[in-house]
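Chain naming here is simple, since letters A, B, ... match the order of the sequence lines and numbering starts at 1 in each. On a predicted model such as this, the values are computed, not experimentally measured, just so you know.
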Amino acid sequence: MVRSGRLSVRWLVGLVVLAAVYLLLQPVLVRSLGIDLPGLRDLTSLVTESSTTKRPAWQKADAPATGELDQILHSNSRQTYESPAGLRYTRGSQHGHRLKHLLAHAADQADRPGQHGVFDSAKPEEIVALVDEAYRQAQAGRDVREEREGERTIYAVDFGRRIGYIGGESGNRRNRPAARHLRLVIEGHNFVTAFPYRP
Amino acid sequence: MPTKQTMYYVGFCRVCKTGPLGLRCCGQCGNIVLLCDECDAVWSDADLAAPPQYAQGGDLPCPACEASLIERPSHWATEEQIQNVDWLQEAIHTGALELKQGTAFAPDAEDDESPERPASGG
């Protein structure tokens, strides 16, 4: 049957004929015998699914590329990063870059005075995507309160689901209550800060 | 790894409604301002109802000399420095501002100029 690792032409033709006969008889056998046999469509979808890399559930089609975020977060890069929703993260804040400042809200600082909002996720791309979601929701005017303070706009966005908790001195005194709101501060399209909070 | 820094503060920011208003000392001219530890809004005196100053081009210039309030040698003010600021002392004595002590959110890495924590907390 096998010569030098290849099928002979005769066997190859035989297999093709058998496959064709199976595909012709498959619907008849399913109807008459009541058994479940895979058809051509099932086999095609099986091949397609296994050959496609699936995105994690949280990662939307416009989720930020992690490479660019990593470059800013793990170096002294002062480059401007623009999120898929159009928010610009520039250098600034005492963390040196607004992205680093945002990511500082991925962990609690229990001795920080007052409330310190902490994101449930610690992944930069997930946090940036969450801020983008808030920004889009704010622009659409859904479940948002808006305030102006000079050049700044302060949004209070209700996600309707848990996104983090309240840490810091105040939050830790109250056993870190859950937060489903995000406060987002921007200047034009420039990001200033964002963090989970409780109204 | 950044070291935690003690910071004197006098309340919380009305802009972001979260950040402690830390007392920041300009490293060039010694001017002391109220700096929000969260959103970097700055007030030059105790009038917190006045419009704050914001960062410009990624930096935060001192209202007095325009040196960076973020970069070194600017730092969180020490107790001694705070005692030498008339408007601050007046606001504290009249009760307009209440001086407290806490830990800064964004410590300057390896900065050894942060104020020492006194035996009794404020």
inquiry  = Grouping I, L, V, M, F, W and Y whenever their side-chain heavy atoms are under 4.5 Å apart, do Y135(A) and Y197(A) come out in a common cluster?
reply    = no
ask   = Are V118(A) and L184(A) in one and the same hydrophobic cluster, where Ile, Leu, Val, Met, Phe, Trp and Tyr link if side-chain heavy atoms are under 4.5 Å apart?
value = no
ask   = Do E147(A) and R14(B) meet the salt-bridge criterion of a basic N to acidic O distance under 4.0 Å?
value = no
query = When you look at CD of E90(B), are more than 12 heavy atoms from neighbouring residues, nucleotides or ligands closer to it than 6.0 Å?
reply = no
query = With only heavy atoms counted, which part of L35(B) is less than 4.5 Å from chain A, the side chain, the backbone, both or neither?
reply = side chain
query = At their closest point, which heavy atom of V185(A) faces which heavy atom of C16(B), and how far apart are they?
reply = CG2-CB, 4.2 Å
note = Heavy-atom closest pair (R98(A) atom, A55(B) atom, distance to 0.1 Å) is NH2-CB, 4.0 Å
query = Side chains of E38(B) and F195(A): closer than 4.5 Å at any heavy-atom pair?
reply = yes
ask   = Between Q94(A) and R24(B), is any pair of side-chain heavy atoms under 4.5 Å apart?
value = yes
ask   = Are I32(B) and L97(B) connected in the hydrophobic side-chain network, where two residues link if heavy atoms are under 4.5 Å apart?
value = yes
ask   = Any link between I127(A) and L87(A) through a network of hydrophobic side chains (Ile, Leu, Val, Met, Phe, Trp, Tyr) touching at under 4.5 Å?
value = yes
message = Set out, in order, the CA-CA distance, both residues' side-chain angles and the distance that settles side-chain contact (heavy atoms from CB on, under 4.5 Å) for F12(B) and Q115(A), then state yes or no.
response = CA-CA 10 Å; F12(B) 293 91; Q115(A) 300 187 20; over 6 Å; no
query = Taking all atoms of both residues into account, what is the closest heavy-atom pair of P20(B) and R112(A), and its distance?
reply = CD-NH2, 3.8 Å
ask   = Quick check: are there more than 12 heavy atoms from other residues, nucleotides or ligands sitting under 6.0 Å from CD of E66(B)?
value = no
Top contributor to chain B contacts, counting heavy-atom pairs under 4.5 Å, from G114(A), G150(A), S93(A), P113(A) = P113(A)
ask   = Do F105(B) and H95(A) have side chains that get closer than 4.5 Å, going by heavy atoms?
value = yes
Other residues, nucleotides, ligands: >12 heavy atoms within 6.0 Å of E98(B) CD = no
inquiry  = With a strict 4.5 Å heavy-atom criterion, list every residue of residues 151-173 of chain A that contacts chain B, or say none.
reply    = E151(A), R152(A), I154(A)
remark   = One should read off an interatomic distance between D40(B) CG and H101(A) NE2, to the nearest 0.5 angstrom, of 7.0 Å
